[in-house]
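Everything below concerns the one structure shown next.
Heavy-atom basis, side chains included; hydrogens, waters and symmetry copies ignored. Numbered from 1 within each chain, the chains take letters A, B, ... in sequence-line order.
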Protein chains: 2
Amino acid sequence: MRILVIEDDEAAAGYLAKGLGESGYVVDRAATGPDGLAMAVTESYDLIIADRMLPGIDGLLVVEALRKKGDNTPVLFLSALGQVDERVRGLKAGGDDYLVKPYAFAELLARVEALIRRKSGRAEETVLKVADLEMDLLARRVTRAGTEIPLQPREFRLLEYLMRHAGQVVTRTMLLEHVWDYHFDPQTNVIDVHVSRLRQKIDKTFTSPLLHTVRGAGYCLRAPE
Amino acid sequence: MRILVIEDDEAAAGYLAKGLGESGYVVDRAATGPDGLAMAVTESYDLIIADRMLPGIDGLLVVEALRKKGDNTPVLFLSALGQVDERVRGLKAGGDDYLVKPYAFAELLARVEALIRRKSGRAEETVLKVADLEMDLLARRVTRAGTEIPLQPREFRLLEYLMRHAGQVVTRTMLLEHVWDYHFDPQTNVIDVHVSRLRQKIDKTFTSPLLHTVRGAGYCLRAPE
DNA sequence: CCTCGATCACCAGGATGCGCATGGGGGCGA
DNA sequence: TCGCCCCCATGCGCATCCTGGTGATCGAGG
């Protein structure tokens, strides 16, 4: 999988190249709009990541030129908060996406993978759902009955794992393996604490609890009958 | 379990249908790619077996079209093309497995079962059943005649062991070994107590008892005649 | 048929251990 | 440096499990 990064800021470009490289992508870099456009048309990329603000040119123009040539490579825009206008928003429908700086790298990676998968015709599961509890993996948002619930990163991972195994009992060992990446018993009550906190957020203010403890076994996220 | 076979060769398709039918699957057949695609989208199958070489169309295209519609039914490709890159192309296009002709039917059956198991939530051997009593090992839920029965951890282990040995007489020593992990005689009536409790829960409110005591030998969980 | 011994079922009290909540400290990024 | 998030430790409450005792049931032999 090849990715073209068009970004004038050396540090930002390096950061991207390093992170994406570690995730198994081959990354080419261009520092200016014209350079990027030239590389995009001569080489074949699976994805282009472009800054909005490039020396002397708007990143949007690069993409417009590309599209005129019949190139449909998906583009992910990076832009500062003030630069997000309607034109950029609209691109989302056309197979492209945008991300506001500053961003968490994990989120960028999620979107990159989503775009590449979408392009290659794969259906993407981006929203998990259990009863009235919903999790948007791309936006990293969780809502219950329509109201948003802010979660910490670890809480998010925990809930994601529980939702992916909804209806099943999830043991502590499973959680340690997949949420904490521990492959041993930490001999503490880390899990209890986070489950407790998560419960406060997703169950406390609602009538029917979704997160049940199965004594002697683990936990189970289940929709009420 | 329903399987769709997309295969133009009449003999090969018949061979598949016969073999799979004997293994308990319901098999539908399509002779061309378009036919197969139409059947796949209108009906719901647990697995699709597709030939790579179809009249006028590559089986790959059928799968790609299916995936674009958001259909994730697992697909097993059959092909005379044994090259590695062909295999990779098949898997990339959204196929889930690849089998090269000629093949042993036992191998095909093994792969079919693996794919179906994978799709159905990795639920392999998770439900034990004796008469109208059911135990879901993943969800840790027990139901009799549809109504849920809450069990304590030890009661759960006890019932699980009994259900795994349904119809056999289970001695006290066996229970101590496998349910309590005792390798000696505790000289108490722990077992009696728990069997009693379990009986209350699974037999008390029902007409025909399932858990019988075999005097001088042990216990036996058995469905009524 | 009756008696007696052995086995089994059930009940209730008590101790253990599990799970939950809260507050404080340490590490990491801003 | 500051703030945030994560982890750890303590104490509490309660469910769960075991223990001992008593009554019921079964089987065999007189």
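As rounded to whole Å, 9 Å separates atom C1' of C/dC20 from atom CG of A/Asn189. Atom CZ in A/Arg199 sits roughly 8 Å away from atom C1' in C/dC20 (whole-Å rounding). Protein atom CD of B/Glu155 is 14 Å distant from nucleotide atom C1' of C/dC10, rounded to whole Å. The CD atom of A/Gln187 sits 16 Å away from the C1' atom of C/dG17 (whole-angstrom rounding).
Side-chain contact between A/Arg199 and A/Thr213 is present, with at least one heavy-atom pair separated by less than 4.5 Å. Between B/Leu151 and B/Leu158 there is no side-chain heavy-atom pair separated by less than 4.5 Å. Between A/Lys201 and A/Gln152 there is a side-chain heavy-atom pair separated by less than 4.5 Å.
Here the range on DNA chain D touched by chain B, meaning any atom under 4.0 Å from one of its heavy atoms, is D/dT16 to D/dC26.
With DNA chain D read from its 5' end, the first of the two nearest nucleotides for B/Gln152 and A/His194 is the one closest to A/His194.
Across all strands, A/Val195 comes closer than 4.0 Å to no nucleic acid atom at all (heavy-atom distances). Nucleic acid contact class of B/Arg215 (heavy atoms, under 4.0 Å, all strands): base. At a threshold of 4.0 angstrom between heavy atoms, the contacts of A/Arg197 include nucleobase atoms, whether or not backbone atoms are also involved.
Residues passing the ring-ring contact (aromatic ring centres under 6.0 Å, His included) test with A/Phe206: none are found, sequence neighbours excluded.
In this structure a side-chain-to-backbone donor-acceptor pair under 3.5 Å is present from A/Asp203 to A/Leu210.
A sub-4.0 Å separation between OP1 or OP2 of C/dA9 and a side-chain N or O of B/Tyr219 is present. Within the 4.0 Å cut-off from OP1 or OP2 of C/dT22, at least one side-chain nitrogen or oxygen of A/Gln200 is found.
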For side-chain contact (heavy atoms from CB on, under 4.5 Å), just list the numbers for B/Leu221 and B/His165, CA-CA rounded to whole Å, side-chain angles, deciding distance to a tenth of an Å, and then say yes or no. CA-CA 8 Å; B/Leu221 189 76; B/His165 297 79; over 6 Å; no
